[in-house]
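Input: a single structure, listed below in structure tokens.
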Amino acid sequence: MFRIYPDREQRILLAKTFGCVRFIWNKMLSDKKDCYETTGKSLKTTPAKYKKEYPFLCEVDSLALANEQLSLEKAYKNFWNGKGKVGFPKFKSRHRDRSSYTTNYVNGNIEIADSKIKLPKLKWVKIKQHRDIPEDYRLKSCTVSQDPDGKYYISVLFVYEETATQQKIEKVTGLDFSMKELYVDDQGRTPEYPGFYRKAQEKLAREQRKLSKCEKGSSNRARQRKTVAKLHKKISNQRKDFLHKQSRQITNAYDAVVVENLNMKEMSEALRFGKSVHDNGWGMFIRFLQYKLTEAGKQLVKVDKWFPSSKTCCVCGKKKDELALSERVYLCECGNIMDRDQNAAINIRQEGLRVLGIA
């Protein structure tokens, strides 16, 4: 993802594109819904059919509208197929939903050169290119987005051949999730997670109180909303930076990493630790670790979430029937006295070795 710096005319066109993409989603969704309720049949339509009635759709990138149609069709398909907990597609709002659109690479319409990127309709836009793009990468599509703090970004999708060779597994570590420190490894080491949200919580609450007192639709409310958005963005960036560095250190040090396959959403709801669970970003950390290990030819092993890593003694293998969450030190009849999380991390590592077929 790169940050882009559009000029005034380009910002106006981007606002139009975001609006048209949102409009075509809502219009097609409304027509599909009405058609099904009236006739019982599914309506098949395209953005091109609306351009005569709504000529402002011709001002923006047609590929952006086409991709929005594909997204709607996919949402409809997932709903009817009952995949997971997917509900009926919802109408989009300029205040609630993220402003973004996707366009595809066709006949050289997208190009990156000299700290600029060429996009359909927008032409050349300034870009902060913080990493080089290999020559063998083939450009596929771009997603332009605007954050609530007003900054613009572009995600560029490339296709390339996988060149990573599988590494021989020699060094393996187990990581046990910890709300306070992010994780504890089998050696008892922790990354000492700073808790960025907790640190900024007081300031964030103060700015949000100011926002709640602003009159809706006023310029003061718009400015204060951007101030709150900037605070949230700063916290998010701090968290991502920390997690990227931690995942890189682990990837460089080990050939395989073993973790528990946890459902963080269920954990935050069931144990009422929503702020602590979401603040450390364990799910994001695992995603970063997954792709870094894959690129290096290494492995991430996920053991079952019901595996009794915390209740089992890592020395004698005896399992406790009951273990309260408040018990932070593991005590076993065999004489093993160990930090609860380190004991779990050792068990996770041993289970990962079993799954890998390593004695």
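Between Asp321 and Lys311 there is no salt bridge, since no side-chain nitrogen of the basic residue lies less than 4.0 Å from a carboxylate oxygen of the acidic one. Salt-bridge check for Lys233 with Asp147: passed, with a basic side-chain N closer than 4.0 Å to an acidic carboxylate O. Taking 4.0 Å as the cut-off between side-chain N and carboxylate O, Asp7 and Lys126 do not count as a salt-bridged pair. By the 4.0 Å N-to-carboxylate-O rule, Lys92 lies close enough to Glu68 to be salt-bridged with it. For the pair Glu295 and Lys292, the salt-bridge criterion is not met [side-chain N within less than 4.0 Å of a carboxylate O].
When all heavy atoms of Ser99 and Arg22 are compared, the closest pair comes out as OG-NH1, 4.3 Å. Val125 approaches Gln10 most closely through the heavy-atom pair CG2-NE2, 3.6 Å. Between Phe242 and Pro191, the shortest heavy-atom distance links the atoms CZ-O, 3.8 Å. Summarising the geometry of Trp124 relative to Glu111, their closest heavy-atom pair is CZ3-O, 3.7 Å, with the distance given to 0.1 Å. Nearest approach of Leu300 to Gln290, heavy atoms of both residues: CD2-OE1, 3.4 Å. In plain terms, the two heavy atoms of Ile348 and Gly174 that are nearest each other are CG2-CA, 4.5 Å.
Atom OH of Tyr36 is surrounded by 12 or fewer heavy atoms from other residues, nucleotides or ligands within 6.0 Å. At most 12 non-hydrogen atoms from other residues, nucleotides or ligands lie less than 6.0 angstrom from NZ of Lys230. Within 6.0 Å of atom NZ in Lys318, 12 or fewer heavy atoms from other residues, nucleotides or ligands are found, so the atom counts as exposed in its surroundings. In this structure, Lys33 places its NZ atom where only 12 or fewer heavy-atom neighbours from other residues, nucleotides or ligands lie under 6.0 Å away. Environment of CZ in Arg94: sparse, with no more than 12 heavy atoms of neighbouring residues, nucleotides or ligands closer than 6.0 Å.
Relative to the six-membered ring of Phe2, Lys128 misses at least one condition, a distance below 6.0 Å or an angle of at most 45° to the axis.
Looking at Arg189, its side chain never comes within 3.5 Å of a backbone N or O of Val184 through a donor-acceptor pair. With Asp255 contributing its side chain and Lys171 its backbone, the two residues share a donor-acceptor pair below 3.5 Å. In this structure, Thr227 contributes its side chain and Arg223 its backbone to a donor-acceptor pair below 3.5 Å. A distance-only check finds no donor-acceptor pair linking the side chain of Asn109 to the backbone of Pro120 [under 3.5 Å]. Counting only distance, with no hydrogens or angles, the side chain of Gln129 and the backbone of Lys116 share no donor-acceptor pair below 3.5 Å.
With rounding to the nearest 0.5 angstrom, the OG atom of Ser30 is 12.0 Å from the NZ atom of Lys32. Note that CG of Leu289 is 8.0 Å distant from CH2 of Trp282, once rounded to the nearest 0.5 Å. Ser145 contributes atom OG, which lies 6.5 Å from atom CZ of Phe18 (distance to the nearest 0.5 angstrom). Atom NZ of Lys121 and atom CG of Leu14 lie 13.0 Å apart (nearest 0.5 Å). For the atom pair OH of Tyr76 and CE of Met28, the computed distance is 10.0 Å after rounding to the nearest 0.5 Å. To the nearest 0.5 Å, atom NZ of residue Lys320 and atom CG of residue Leu331 are 5.5 Å apart.
Hydrophobic clustering (ILVMFWY, side-chain heavy atoms < 4.5 Å, transitive): Tyr54 and Trp25 are in one cluster. Using a 4.5 Å cut-off between side-chain heavy atoms of Ile, Leu, Val, Met, Phe, Trp and Tyr, with links allowed through other members, Tyr330 and Met179 fall into different hydrophobic clusters. At a threshold of 4.5 Å between side-chain heavy atoms, the hydrophobic network of Ile, Leu, Val, Met, Phe, Trp and Tyr places Phe88 and Leu72 in one connected group. In the hydrophobic clustering of ILVMFWY residues, with side-chain heavy atoms under 4.5 Å counting as a link, Leu119 and Ile133 come out together. Under the 4.5 Å side-chain contact rule for hydrophobic residues, Leu63 and Ile112 do not share a cluster.
Side-chain contact check for Leu243 versus Leu182: some heavy-atom pair is nearer than 4.5 Å. Counting only heavy atoms from C-beta outward, the side chains of Leu65 and Lys51 approach each other to under 4.5 Å. Between Thr251 and Arg248, the closest side-chain pair of non-hydrogen atoms falls below 4.5 Å. Side-chain contact between Gln69 and Thr46: present, with at least one pair of heavy atoms (C-beta onward) separated by less than 4.5 Å. Phe285 has its side chain within reach of Leu175: a pair of non-hydrogen atoms, C-beta onward, lies under 4.5 Å apart. At least one side-chain heavy atom of Asp341 sits less than 4.5 Å from a side-chain heavy atom of Arg328. With contacts defined as side-chain heavy-atom distances shorter than 4.5 Å, the pair Gln166/Gln299 qualifies. Using a 4.5 Å cut-off on side-chain heavy atoms (C-beta onward), Leu204 and His232 make contact.
Using a 3.5 Å distance cut-off with no hydrogens or angles, the side chains of Tyr183 and Gln246 do pair a donor with an acceptor. Counted by atom type alone, Glu260 and Ser309 present one or more donor-acceptor pairs between their side chains at under 3.5 Å. Of the N and O atoms on the side chains of Arg340 and Asn343, not one donor lies less than 3.5 Å from an acceptor on the other residue. A donor atom on one side chain and an acceptor atom on the other are found under 3.5 Å apart for Thr103 and Asp61.
Two rings, from Phe23 and Tyr50, have their centers 6.0 Å or more apart.
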Full working for side-chain contact (heavy atoms from CB on, under 4.5 Å) between Arg349 and Leu353: CA-CA 6 Å; Arg349 180 181 182 273; Leu353 292 175; 3.5 Å; yes

Glu53 and Lys27: CA distance, side-chain angles, deciding distance, salt bridge (charged side-chain N to carboxylate O under 4.0 Å, His left out) verdict: CA-CA 12 Å; Glu53 184 179 358; Lys27 184 61 178 173; 5.2 Å; no

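Between Phe288 and Tyr291, the two ring planes are perpendicular [angle over 60°; tilted spans 30° to 60°].
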